[in-house]
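Below is one structure, written out as structure tokens; the observations come after it.
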Number of protein chains: 2
Amino acid sequence: MIRVLVADDHNLFRDGLTRILDSQPDIEVIASVDSGEAAVARAAEIQPDVFLLDVNMPGIGGVGAIRELREINPQARILMLTVSESEEDLFTAVRSGARGYLLKDASTNQLVDAIQRIHAGEAVLNPLMAAKLLDQFAALPKALQPTPEMEELTTREQQILHLLTHGLSNKELGKELAISPYTVKAHLRHILEKLNLRSRVEAAAWAVRHGLTKPPV
Amino acid sequence: MIRVLVADDHNLFRDGLTRILDSQPDIEVIASVDSGEAAVARAAEIQPDVFLLDVNMPGIGGVGAIRELREINPQARILMLTVSESEEDLFTAVRSGARGYLLKDASTNQLVDAIQRIHAGEAVLNPLMAAKLLDQFAALPKALQPTPEMEELTTREQQILHLLTHGLSNKELGKELAISPYTVKAHLRHILEKLNLRSRVEAAAWAVRHGLTKPPV
DNA sequence: ATTTATATAGTCCAAATGGACTATATAAGC
DNA sequence: GCTTATATAGTCCATTTGGACTATATAAAT
């Protein structure tokens with residue numbers, strides 16, 4: 001049984017959704033709310049398997065609720081429903097961790113299928129939105145996957161490279177890592193040699209391009 | 001009529017595909033080849049609307065052909081077919097410009113629908129592969145979309161920021177843009193002020209994070 | 001046991017950087 | 001006509017950076 005929370009500020013639409021889903025043998029709507037805030041408020045208590053969130057709701061909306069919902073309930077899957085084709089919402093939702101993004105003109109079958117797939121760990125995108133996402137993906141600067149070079153860097157060097165992307169000077173780096181700025185300089189030199197770069201500026205750009213950006217310290 | 005080129009090194013599979021597609025009222029297989037190289041060779045001459053490419057073929061394979069095909073025929077859409085769930089191939093294909101990625105266990109209906117959608121500018125992803133893609137997307141460092149701040153930068157400032165990500169010094173920047181290094185410095189100062197950054201290092205990282213990376217000069 | 005890699009710390013020195021200024025020409029907006 | 005933004009170019013000066021070195025302690029590899 002897939003336990004679903006539905007969030008939509010249009011009562012009629014929400015009730016219609018609930019009836020459709022409840023009529024499915026393997027889906028159960030266990031909560032029905034009219035805002036992102038309400039979804040967050042009830043998430044901890046009822047632990048749904050899937051959140052079905054409308055994008056446009058008063059307050060934080062569906063997109064604004066995603067991160068919190070995932071913190072509260074990391075294994076839950078999130079499916080967005082929307083009328084608009086805003087790229088902004090799409091990207092934010094996907095980056096926040098949504099696993100599905102459908103327009104409200106989807107058929108009943110598509111919606112039910114999407115919920116089942118998302119529950120199974122797959123992802124479902126409306127083909128129009130998928131196109132926007134792929135365009136964005138294709139426009140990405142470079143790899144962002146681990147590269148051979150990256151593995152040649154020691155953890156210390158990676159640390160320094162990471163902090164470098166936040167603009168720290170050698171002195172600041174030294175303070176941050178509790179080592180002498182001279183040592184920082186030595187590490188930096190090794191980094192430049194290993195990656196064949198000419199300056200800390202290029203090194204910072206390289207680091208960002210290769211996804212070496214854990215949360216700022 | 002959607003004009004399709006099919007590339008697959010398994011004769012039986014390719015012929016089966018061709019029959020299925022030709023039986024559709026709006027689809028016409030205008031070429032059928034057994035390698036990525038052959039697809040590239042015929043692309044210019046026959047100008048298909050959609051390329052249906054197998055991923056695993058001897059030689060450059062389907063993925064390796066994408067970039068060349070798109071150079072020859074930029075408005076053509078590319079749909080990949082594969083048996084494997086290799087993330088490597090998926091990412092490369094999408095980054096190269098593929099607009100669809102289906103596993104070979106897809107149904108006839110799904111394939112036909114995918115071709116139609118892709119031809120219409122939409123994108124179609126197998127839900128399993130879509131999940132991998134979304135995970136990757138969610139792991140991206142940051143925005144990469146134009147931000148309000150970016151629009152405040154003048155074209156000159158954006159130029160400089162862009163070159164900065166390749167590690168150029170003020171002197172080099174000046175030479176590249178045929179202006180005095182002092183002027184470069186002035187622009188740089190304005191950039192730092194506008195974006196509220198402290199150094200060119202931070203500026204370079206900012207630029208990469210926000211996708212300010214047109215092809216290196 | 002010896003080599004190699006890593007992390008540490010330093011010196012000397014030329015070049016680059018960034019901040020605080022000044023200044024001019026041009027184009028756009030009001 | 002006046003103001004503002006942009007692009008240009010400069011000075012002075014303290015700080016930072018990067019290159020070329022040296023040096024030590026520790027841990028892992030052979």
Side-chain angles (χ1 to χ4, degrees), chain A residues 146-210 212-214 216-217, chain B residues 146-210 212-214 216-217:
Chain A
T147 68
E149 290 104 333
M150 224 179 104
E151 280 152 32
E152 282 168 24
L153 296 177
T154 67
T155 46
R156 198 50 147 183
E157 287 163 351
Q158 293 191 31
Q159 259 174 52
I160 285 178
L161 211 37
H162 162 54
L163 289 172
L164 191 61
T165 65
H166 299 293
L168 280 69
S169 70
N170 290 342
K171 201 188 284 186
E172 292 168 324
L173 279 162
K175 195 159 279 178
E176 190 66 38
L177 300 174
I179 56 178
S180 143
Y182 301 114
T183 307
V184 173
K185 217 178 139 179
H187 287 306
L188 223 0
R189 242 179 322 109
H190 293 149
I191 293 172
L192 294 185
E193 275 170 29
K194 283 187 184 177
L195 302 180
N196 225 292
L197 305 172
R198 288 177 307 159
S199 71
R200 65 202 291 108
V201 180
E202 218 180 332
W206 187 96
V208 176
R209 274 195 256 265
H210 291 77
L212 222 127
T213 27
K214 297 133 203 159
V217 174
Chain B
T147 68
E149 289 104 334
M150 226 178 103
E151 280 152 34
E152 284 168 21
L153 296 177
T154 66
T155 46
R156 198 51 147 182
E157 287 163 352
Q158 292 189 32
Q159 257 176 51
I160 287 178
L161 212 37
H162 163 56
L163 290 172
L164 191 61
T165 65
H166 299 294
L168 279 69
S169 72
N170 289 342
K171 199 187 285 183
E172 292 168 323
L173 279 162
K175 195 159 280 180
E176 189 67 37
L177 300 174
I179 55 179
S180 141
Y182 300 113
T183 307
V184 173
K185 220 179 136 177
H187 288 305
L188 222 2
R189 242 179 321 109
H190 294 148
I191 293 173
L192 295 185
E193 276 169 29
K194 284 187 184 175
L195 302 181
N196 223 293
L197 305 172
R198 288 177 307 160
S199 70
R200 67 202 290 108
V201 180
E202 220 180 329
W206 187 96
V208 176
R209 275 196 259 263
H210 291 77
L212 222 127
T213 26
K214 297 134 205 157
V217 175

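Predicted, not measured: the structure shown is a model, and the values here were computed from it. Chain letters run A, B, ... following the sequence lines, proteins first, then strands; residues in each count from 1. Hydrogens, waters and symmetry mates play no part in the numbers below; they use all other heavy atoms, side chains included.
- Between Tyr182(A) and dT8(C) there is no side-chain polar atom (N or O) within less than 4.0 angstrom of OP1 or OP2.
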Using a cutoff of under 3.5 Å, can you pull out all pairs of nitrogen or oxygen atoms linking the protein to nucleotides 15-23 of chain C, with atom names and distances?
unit_1  : atom_1 : unit_2    : atom_2 : d
dA16(C) : OP2    : Lys171(B) : NZ     : 3.3
dT17(C) : OP1    : Arg200(B) : NE     : 3.0
dT17(C) : OP1    : Arg200(B) : NH2    : 3.1
dT17(C) : OP2    : Asn170(B) : N      : 3.0
dG18(C) : OP1    : Arg200(B) : N      : 2.7
dG18(C) : OP2    : Arg200(B) : NH1    : 3.1
dG18(C) : N7     : Lys185(B) : NZ     : 2.7
dG18(C) : O6     : Lys185(B) : NZ     : 2.8
dG19(C) : O6     : Lys185(B) : NZ     : 2.8
dC21(C) : N4     : Arg189(B) : NH2    : 3.2

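- A straight line from CG of Leu161(A) to P of dA7(C) spans 13 Å, rounded to a whole angstrom.
- Val201(B) approaches Ala204(A) most closely through the heavy-atom pair CG1-CB, 3.6 Å.
- Nearest to the side-chain atoms of Ile179(B) among the listed nucleotides dA9(C), dT8(D), dG10(D) stands dT8(D).
- In terms of phosphate contacts, Thr183(A) brings no side-chain nitrogen or oxygen within less than 4.0 Å of OP1 or OP2 of dA7(C).
- Atom P of nucleotide dT8(D) and atom CG of Leu173(B) are separated by 12 Å, given to the nearest angstrom.
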For nucleotides 25-27 of chain C, give me every protein contact, N/O to N/O, under 3.5 Å, one pair per line with atom names.
none

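- Comparing dG10(D), dT6(D), dA7(C) by their closest approach to the side chain of Ser180(B) singles out dG10(D).
- The minimum heavy-atom distance linking Leu163(A) with Leu168(A) is given by the pair O-CD1, 3.5 Å.
- Note on His187(B): a base of the nucleic acid sits closer than 4.0 angstrom, heavy atoms only.
- Applying the side chain to side chain contact (heavy atoms under 4.5 Å, CB included) rule to Leu197(A) yields the partners Leu192(A), Leu195(A), Glu202(A), Ala203(A), Trp206(A); only residues at least two apart in sequence or on another chain are considered.
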Enumerate, atom names and distances included, each donor-acceptor pair closer than 3.5 Å involving a side-chain atom of residues 177-184 of chain A, sequence neighbours excluded.
unit_1    : atom_1 : unit_2    : atom_2 : d
Ser180(A) : OG     : Tyr182(A) : N      : 2.8

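- Contact check for Arg209(B) versus Thr165(A): side-chain heavy atoms found under the 4.5 Å cut-off.
- Distance NZ (Lys194(A)) to C1' (dA7(C)): 11 Å, rounded to an integer number of Å.
- Per the geometry, CG belonging to Leu177(B) stands 8 Å off P belonging to dT8(D), to the nearest Å.
- In this structure, the nucleotide among dT6(D), dA9(D), dA7(C) sitting nearest to the side chain of Arg156(A) is dA7(C).
- Rounded to 10 degrees, the angle separating the terminal axes of the helix from dA1(C)-dT30(D) to dC30(C)-dG1(D) is 50°, with each axis obtained from five end pairs.
- Every residue two or more places apart in sequence or in another chain that forms a side-chain hydrogen bond (donor to acceptor under 3.5 Å, both in side chains) with Arg198(A) is listed here: Glu172(B).
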